[in-house]
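Reading through the structure tokens given below for one structure.
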4 protein chains.
Amino acid sequence: MSDNGIHPDAGKRQKILESAFAVFSQKGYQQTKVEEVAQHAGIGKGTVYLYFTSKEELLREMLKAMIKKYLSELKQKLAEETDPWAKLKVMYTIHVSLLQENPSLVQLHLHDFAFVNDQFRSWLETEKEDFVNHIAAIIESGIQTGQFRPLNAKLAAALIISSLGVFLPPHSSECFSVDELVDLLFHGMSRRVSAQA
Amino acid sequence: MSDNGIHPDAGKRQKILESAFAVFSQKGYQQTKVEEVAQHAGIGKGTVYLYFTSKEELLREMLKAMIKKYLSELKQKLAEETDPWAKLKVMYTIHVSLLQENPSLVQLHLHDFAFVNDQFRSWLETEKEDFVNHIAAIIESGIQTGQFRPLNAKLAAALIISSLGVFLPPHSSECFSVDELVDLLFHGMSRRVSAQA
Amino acid sequence: MSDNGIHPDAGKRQKILESAFAVFSQKGYQQTKVEEVAQHAGIGKGTVYLYFTSKEELLREMLKAMIKKYLSELKQKLAEETDPWAKLKVMYTIHVSLLQENPSLVQLHLHDFAFVNDQFRSWLETEKEDFVNHIAAIIESGIQTGQFRPLNAKLAAALIISSLGVFLPPHSSECFSVDELVDLLFHGMSRRVSAQA
Amino acid sequence: MSDNGIHPDAGKRQKILESAFAVFSQKGYQQTKVEEVAQHAGIGKGTVYLYFTSKEELLREMLKAMIKKYLSELKQKLAEETDPWAKLKVMYTIHVSLLQENPSLVQLHLHDFAFVNDQFRSWLETEKEDFVNHIAAIIESGIQTGQFRPLNAKLAAALIISSLGVFLPPHSSECFSVDELVDLLFHGMSRRVSAQA
DNA sequence: TATGAATGAGCGTTCATTCAT
DNA sequence: TATGAATGAACGCTCATTCAT
């Protein structure tokens, strides 16, 4: 489904994916020429087509790989925590540090690849849904343990994921701290009047 | 930067902008042909170039106009409320109803505007900053009145604005209610155990 | 079906068709670049696509026009004759003189456009079938009048059409005379022994 | 011109020619990829270039070989007959059965060989001339024996060769019989009125 | 001012050919 | 000798932009 079968040089495929990440991140899909990706990888234009059937597939595979890598790193780190509260805190921390280590990821966020075509759009939405469900499950377990109050876990998950955008430019991660944001999400904005009673 | 000087027919310029909004929203930038915009506006293709120097400028001007209109509508409605709490609630409600009235706005979010130039990008960031500050001011006043607890108003504002994304697809506004989200943001996720003590 | 609807300049369409005839005849389909046809017509490459949707359609329309013109000339001249025998003689004469007036037609014969695609192939075969049937009808009428002996009219028609190839290079029309060929076809090769009795 | 000198494995060269025949016949020149020919021959793509300098040369050599083989088979069979009349009848029969045994030969006719260079074209014309002369000689001898009436032997030969096209699609060999065609050629179309007298 | 016919730069993809192994 | 991974020239088609009217 993704590539043309068995390829001679798995390293080259990887190299092309990395170049695709670099160039698509910087310029978006339509503005990127296949030849640019090839040049970035130090290979000929035709070689790209030995590993990917089309520019579109190249983008899809690159995104797949990035998302997989991103989510697997995230999930692995989350798995090391047991406390739902800690999990979410860790998630923010990891997310922010990933963005800092890899500024191109920020750019990647700023592009919207949904427009490539409808199939692509639905694939992206599925991926996002998956991520939301993963976070929602964490929240559910927090509700079970009583650490979180009963709430719409999916909404909370969607909110948390949306809130990651807070760390994108122009409010880079230098502006706000993870702790502040987590505190805000966990305790809310309102003065807990009744609680004080 | 935006137009070629003074045009005799400001109404025609406006009509082109509206058509650009309609078509770009539905099909994205790259997929839209200038001729389609012209047809939608009921004019000839060449006429577009009497009012805008390029397709790209047309998009930028359209985005500028839409954002200005959106923010001014929002700010005006907010001005009608006095209570900070109510203001924020109202903001969500207006946002969601705007999206519902104008589904194209939703689409607008889903397209690739990567080609924006630096000038436009900085304008965009200024506008966003403005909006954040506007919301932050509301929050500040809420803190003054004691309705909100002391918190980083700018962060809260950024969070609120980010959270608007919750109502975009695939979690359309039908999935979540404004009230749920407001409740979550205002009261937080955690069970307020200690507070109850 | 053939063009994109109403075109501004019918003369230009005709000019393109003529250029297509000139270039396709000389170089065949695959070897011909659309830009060459455009250059021959003294127009830009893109202009070709205002009148024809694709290179393939351009070929089809050109062939259609040529065949139509060729057959209509032929049929018209044939209509002026009443005697089946004379009709066939005239057909040869016209065919040969057309080839002489228009050497590109010779080239056109030497290319085989059937391979363009299956649809094209069947269209060509239909055209040829039409032509065969037209000739066969003439022969049938000759049989009715008793000028021709009872024979498979369709086979005779196919033979006659095939025999036109005799005048193609390397045996150009200068080698053989129409009269000789007609005589041969009409009286056969064998010494008419029994007739001598 | 044809190969790169002496090759160790003449059998492999032959094998490649046969594969070229099989694939070019079926798909035409432009549609055939060199790799397909190589695969059909069970060798690597690069190996083809050890025996032929280019795809085009491969085609020319294949055509040469097929034509030579076809003509030599035909001439050999003809040599077995002594009667001119019988020879021609046999020629048709052989031709048709060759086409039936080897449907690819039919296909070979249907493709565009326009790109042949002048050298090849002249070789082709020489071969054709040769064939015509061969048939013409048969006819001459028939005239000598009085079986054929005095006629332009070369024209008759050209006609006979052209008439072979009658058995190509769309009028496949199933439509017409060899006997019918031979009868037509030998006795002509006209009712032999005067002979009846 | 307004038009839309004309233009040609631009790009994704293919595949004949090369060459390192 | 044989291979097949790598290459890049080539081309059909699109569409933003221009300009004669």
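What you see below is based on every heavy atom in this structure, not just the backbone, and it leaves out hydrogens, waters and symmetry mates. Residue numbers start from 1 in every chain, and the chains themselves are labelled A, B, ... in the order their sequence lines are given, proteins ahead of strands.
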Give, for atom [atom1] of [X] and atom [atom2] of [Y], the distance between the pair rounded to the nearest 0.5 Å.
X: A:Lys69; Y: A:Phe21; atom1: NZ; atom2: CZ; value: 7.5 Å
X: C:Arg13; Y: C:Leu58; atom1: CZ; atom2: CG; value: 9.0 Å
X: A:Lys15; Y: A:His40; atom1: NZ; atom2: NE2; value: 8.0 Å

Q.
Here's a test of your reading of the structure: between D:Thr32 and C:Thr47, which maps to the more 5' nucleotide of DNA chain E?
A. C:Thr47

(Q) Heavy-atom nearest nucleotide on DNA chain E for A:Val34 versus B:Gly44: which residue maps closer to 5'? (A) B:Gly44

Rounded to whole angstrom units, what separation is found between the [atom1] atom of [X] and the [atom2] atom of [N]?
X: A:Asp9; N: F:dG4; atom1: CG; atom2: P; result: 16 Å
X: D:Glu36; N: E:dC15; atom1: CD; atom2: P; result: 9 Å
X: C:Lys12; N: E:dT7; atom1: NZ; atom2: C1'; result: 10 Å
X: D:Gln30; N: F:dC11; atom1: CD; atom2: P; result: 10 Å
X: D:Leu59; N: E:dA16; atom1: CG; atom2: C1'; result: 14 Å
X: A:Phe52; N: E:dG12; atom1: CZ; atom2: P; result: 16 Å
X: C:Leu50; N: F:dC15; atom1: CG; atom2: C1'; result: 11 Å
X: C:Lys27; N: F:dC11; atom1: NZ; atom2: P; result: 9 Å

Q: Hunt down the Watson-Crick or G-U wobble partner of E:dA20, both distances under 3.5 Å, from any strand shown, or write none.
A: F:dT3

Q | Base-pairing assignment for E:dC15 (Watson-Crick or G-U wobble, both under 3.5 Å) | A | F:dG8

(Q) At 4.0 Å (heavy atoms only), tell me whether B:Lys55 reaches a base, stays on the sugar-phosphate, or touches nothing. (A) sugar-phosphate

Could you check which of [options] has an atom nearest any side-chain atom of [X]?
X: D:Tyr49; options: F:dA2, E:dA2, E:dA16; value: E:dA16
X: D:Ser54; options: F:dT3, F:dA5, E:dT17; value: E:dT17
X: C:Lys33; options: F:dT17, F:dT7, F:dG12; value: F:dG12

Q: Would you indicate, yes or no, if F:dT1 has its OP1 or OP2 atom less than 4.0 angstrom from a side-chain nitrogen or oxygen of D:Tyr51?
A: no

**Q.** E:dA5 OP1/OP2 closer than 4.0 Å to side-chain N/O of B:Lys45
**A.** no

Q: State plainly whether the residues A:Glu125 and A:Arg121 are in salt-bridge range, i.e. N to O under 4.0 Å.
A: no

Q.
Any carboxylate oxygen within less than 4.0 angstrom of a Lys/Arg side-chain nitrogen, looking at C:Glu61 and C:Lys64?
A. yes

**Q.** 5' precedence on DNA chain F between A:Gly42 and B:Glu35 (nearest-nucleotide basis)
**A.** A:Gly42

**Q.** Residue mapping more 5' on DNA chain F - nearest nucleotide basis, D:Gly46 or C:Glu56
**A.** D:Gly46

